[in-house]
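All remarks here apply to the structure that follows.
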2 protein chains.
Amino acid sequence: MDGKIVNLKSKIEIYKAMTNGANFADCPVRDVMQGMNGKWSPLLVTALAEKPYRFGELRRLVPDISQRMLTQTLHELQRDGYVHREVFPTKPPSVEYSLTDLGRSMFVPLYQLVQWAELNHDAVREARAAFDAAQA
Amino acid sequence: MDGKIVNLKSKIEIYKAMTNGANFADCPVRDVMQGMNGKWSPLLVTALAEKPYRFGELRRLVPDISQRMLTQTLHELQRDGYVHREVFPTKPPSVEYSLTDLGRSMFVPLYQLVQWAELNHDAVREARAAFDAAQA
DNA sequence: AGTGCTGGTCTCTTTTTGAGACCATCAAAG
DNA sequence: CTTTGATGGTCTCAAAAAGAGACCAGCACT
């Protein structure tokens, strides 16, 4: 019988209707968001938005990043086109990282989020305290 | 001699001057940013911004999230005060998740970032392709 | 000859994430 | 009356990612 088939079909249609056909998988936005969503990416972009920095300067500026993650995160940011990497033939050679136009463009909305965090971190801390108290 | 000590002190002062005293460690903004910066958090907040959803609906809406990470991420979002969790005594009991006022407030700048990603994902993909080609 | 600064890489351990089995309860189907 | 399915989870184990720290080459200064 087609009973089951019809049922299944209608379920799929109902589901698609419910979600307005929006499927969050295979979404390019997710893919791009991941790139600026790492643990260190927003921090480094914010630092570089102020002015270009050299590798060692960034390491000192963000004391709790490991050298390994600094290398890796800068590499990813460079790959996504947010950061420009330039090597100067000094001795020892120095490497300067700076934001590209794309990076500066991305920093505009990112900074909005940072500002929100700045304004509302009290509220978030209170929410956490209240939640933890309720659990106990 | 104090030679070395003076040198060290001046280095610290030079460093603080260079960075304008900004220390990115122990920054409350970082702490708050981490909360909305996970792999799944922005996605779930975006979904819940549209309308409240139940646990199973979210799982179907985001097919590639594991049940474990869905539970955990919603729990963190609830702890940070972005999400409200309500259990309805139906049989079987159903659980609805919705954004709080704080969550809706946070979604405003988050959505700016999502829109940027929507507008610029082509540029990012091109940057990646160019970078990968240059490496080869 | 020894020390330090440069920007990394390599290895090892710990933490985080993903995949999937399992659970209790009740409704409807067969 | 037994099976099947949906509810929202938790638990365990494997895989992936992140952190800690050693190591490296080249050159300057002492």
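Worth knowing before you read on, the calculation uses all heavy atoms, side chains too, and leaves out hydrogens, waters and symmetry mates. Residue numbering restarts at 1 for every chain, and letters A, B, ... go by the order of the sequence lines.
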Interatomic distance, B/E96 CD vs D/dT7 C1' [rounded to whole Å]: 15 Å

Per B/R54 side chain, nearest of listed nucleotides C/dG7, D/dG8, C/dT17: D/dG8

Sugar-phosphate only, base, or nothing, as touched by A/Y97 at under 4.0 Å among non-hydrogen atoms: sugar-phosphate

Validation row: B/Y97, B/L77 side chains within 4.5 angstrom (heavy atoms): no

Close aromatic pair by centroid cut-off 6.0 Å: B/H75 and A/F131: yes

Below 4.0 Å: OP1/OP2 of C/dT16 and any side-chain N or O of B/W40: no

OP1 or OP2 of D/dA18 under 4.0 Å from side-chain N/O of A/Q72: yes

Distance, rounded to the nearest Å, where B/E57 contributes CD and D/dT7 contributes P: 9 Å

Side-chain heavy atoms of A/L48 within contact of A/Y53, under 4.5 Å: yes

Separation of atom CG in B/L70 from atom P in D/dT10, rounded to whole Å: 11 Å

Verdict with supporting geometry, A/D64 and A/R59, salt bridge (Lys or Arg N to Asp or Glu O under 4.0 Å): CA-CA 8 Å; A/D64 55 344; A/R59 188 156 50 96; over 6 Å; no

B/L58 CG to D/dT7 P, straight-line distance once rounded to whole Å: 12 Å

Protein-nucleotide distance (B/M69, atom CE; D/dA14, atom P), rounded to Å: 20 Å

Residue list, salt bridge (Lys or Arg N to Asp or Glu O under 4.0 Å) with B/R104, at least two apart or on another chain: B/D101

Nearest-Å distance for atom pair CG/P, residues A/L61 and C/dG7: 14 Å

Under 3.5 Å donor-acceptor, B/T73 side chain and B/S41 backbone: no

Where DNA chain D forms stems, i.e. three or more consecutive Watson-Crick or G-U pairs with both distances under 3.5 Å: C:1-30 with D:1-30

Salt bridge (Lys or Arg N to Asp or Glu O under 4.0 Å) evaluation trace for B/D31 with A/R128: CA-CA 12 Å; B/D31 184 45; A/R128 281 183 194 163; 2.7 Å; yes

Sub-4.5 Å side-chain heavy-atom contact between A/M36 and B/V124: no

Distance test, side-chain N/O of B/Y53 to OP1/OP2 of D/dG8, below 4.0 Å: no

Proximal nucleotide (of C/dG8, D/dG19, D/dG8) relative to the A/K39 side chain: D/dG19

Student check: side-chain heavy atoms of A/F88 and A/V95 closer than 4.5 Å: no

Spacing of A/Q67 atom CD relative to D/dG19 atom C1', expressed in whole Å: 13 Å

Nucleotide nearest B/R68 when distance is taken to its side chain, options D/dA18, D/dT12, C/dG8: D/dT12

Any A/R60 side-chain N or O less than 4.0 Å from OP1/OP2 of C/dG7: no

Pairwise 5' ranking along DNA chain D for B/P93 and A/I65, keeping only the more 5' one: B/P93

Protein-nucleotide distance (A/Q78, atom CD; C/dG8, atom C1'), rounded to Å: 14 Å

B/S/- contact track for nucleotides 24-30 of chain D, protein heavy atom under 4.0 Å: --BS---

